[in-house]
Number of protein chains: 2
Amino acid sequence: MASDHTRSAILAAAERLYADRGFGDVTLRDIVAEANVNLAAVNYHFGSKDELIAELFVTRSIATNRERLHELKVAEEQGGGRAPIEVILRALVGPTLRGCLGPENQRSTVARFMIRASIESVPPIRRIKNREIDHLRKFVSAMRRSLPDRSDVDIYWGLNFALAMAHHTIRESERLTKLSEGKCDLDDVEDVVARVVSVATMALTAGRTETKPPARALARDAR
Amino acid sequence: MASDHTRSAILAAAERLYADRGFGDVTLRDIVAEANVNLAAVNYHFGSKDELIAELFVTRSIATNRERLHELKVAEEQGGGRAPIEVILRALVGPTLRGCLGPENQRSTVARFMIRASIESVPPIRRIKNREIDHLRKFVSAMRRSLPDRSDVDIYWGLNFALAMAHHTIRESERLTKLSEGKCDLDDVEDVVARVVSVATMALTAGRTETKPPARALARDAR
DNA sequence: GATAGTTTCATACAAGTGTTTGAATTGCAA
DNA sequence: TTGCAATTCAAACACTTGTATGAAACTATC
């Protein structure tokens, strides 16, 4: 039986580098340098670069999904099988936003890696990615239970927009900071989460719900 | 004086290929094959691959910005210097959505190229991209005029979310179709535009405006 | 401590990249 | 036509990429 030390060193180094610089310009030689192992180690332990990426993506996406689904499950159990839409949306976008924004030192490598994977659609990942749809379906179901009057189409669009706002804000956080001359504080992660959840909730409930609290109030409540 | 034929053939071929397959896996040899010119022609006419990409991006982004700003200007003139927020948002996201979604044969290469450029942040483009911020500022100003009571921060966030929804919907249109099993019709571009504009408008006006028409009604009005 | 299996290592390899070169061709003015 | 500059072309170059190889080092079992 092997020590596994080299294997996990490679995985960790690759995850870190991919999260930081994207798949495009990280070479095998970069990874082995970061991991302090020999160049041939990657092919020995993983077979090929693509298989390394695939394993990275599979393990990390399982972990991420488990976290999001756990948060969702807890919420639904508390509500007797039906969670408020805000809570569902929070479970959907909260972990990713928290892992990618905020103070540098508390960002999670996993979250940043997963965002990269969702942005740069590199072949080995694209092949696996169908599973994510199954994962999203669980959120669709929860949203349906939460908003039984809402049409499916509206649910799908609401989900799409929620993910859109979260992912785009992460990807373009630098530009938003520059554009707003620092007025938009991307380090205040909970405010960002609250804003995304608030707008997504409005998208999903407009024209149906009787009470419609203003966005800022919602954002404040959420802290 | 040169015929310029080769130059523009290269530009057109590159634009098409980049729009279709992204910058990542389009090589110079792909481009010259598509353009039916010799490999050395790119370096002869543009100096380098990066300069080709840069020229492509500059000319195309000027064209795109001009179109969006024209739409905005017309709207503001009609409203005596102050356009309704829906119209401003429509000028912001409409052209891009229309150019990237809808029936295959009426998609615009320019719009799809620009979306690629905004997704895959390749070095030669990243260097130029600051101009886009100046362009966005003009929309910020228009939005401020349209919603004088709104705080700057809210304006910036509203703009960010509007772009988020538009771009993400384009990028993930395939996944949304699959997830919704075709129930979300991405070919009905005007409905997509209306949905994005409607949600972004809610994000920007919630808690202030007195009348808040439901999302579907807004979407329907817009056609 | 010898041996067999596993893991590491330096090195080489094949394929693909953008770029350069220098000769051939073209187009146009004198 | 002649001459000259602009353009095209095939070929080669220098470099980087992922992968393969075979010897060396290590580890554990007997």
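Convention: sequence-line order gives letters A, B, ...; per-chain numbering from 1.
- Under the 4.0 Å criterion applied to side-chain N and carboxylate O atoms, B/Asp154 and A/Arg195 are assigned as salt-bridge partners.
- The distance from atom OH of A/Tyr44 to atom P of C/dG5 is 13 Å, rounded to the nearest whole Å.
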Identify each atom pair where a protein N or O and an N or O of nucleotides 16-19 of chain D are less than 3.5 Å apart, giving names and distance.
residue, atom, partner, partner atom, Å
D/dG18, OP1, A/Lys49, NZ, 2.5
D/dG18, OP2, A/Leu28, N, 2.9
D/dG18, N7, A/Arg29, NH1, 2.9
D/dG18, O6, A/Arg29, NH2, 3.1
D/dT19, OP2, A/Asn43, OD1, 3.4
D/dT19, OP2, A/Lys49, N, 2.8

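- Judged by distance alone, the side chain of B/Ser146 and the main-chain N or O of B/Ala83 form a donor-acceptor pair under 3.5 Å.
- The side chain of A/His45 contributes no N or O atom lying less than 4.0 Å from OP1 or OP2 of C/dT6.
- Between the side chain of A/Glu34 and the main chain of A/Leu17, no donor-acceptor pair closer than 3.5 Å is present.
- Following rounding to the nearest Å, B/Asn36 (CG) and D/dT8 (P) show an atom-to-atom distance of 13 Å.
- Checked for salt-bridge contact, A/Asp134 and A/Lys138 miss the test: no charged N lies under 4.0 Å from a carboxylate O.
- In terms of phosphate contacts, A/Thr6 brings a side-chain nitrogen or oxygen within less than 4.0 Å of OP1 or OP2 of C/dT8.
- Looking only at distances, no side-chain donor or acceptor of A/Arg112 sits under 3.5 Å from a matching main-chain atom of A/Cys100.
- Side chain of B/Arg60 to backbone of B/Val110: no donor-acceptor contact under 3.5 angstrom is found.
- Closest to the side chain of B/Asn38, out of C/dA10, D/dA10, D/dA6, is D/dA10.
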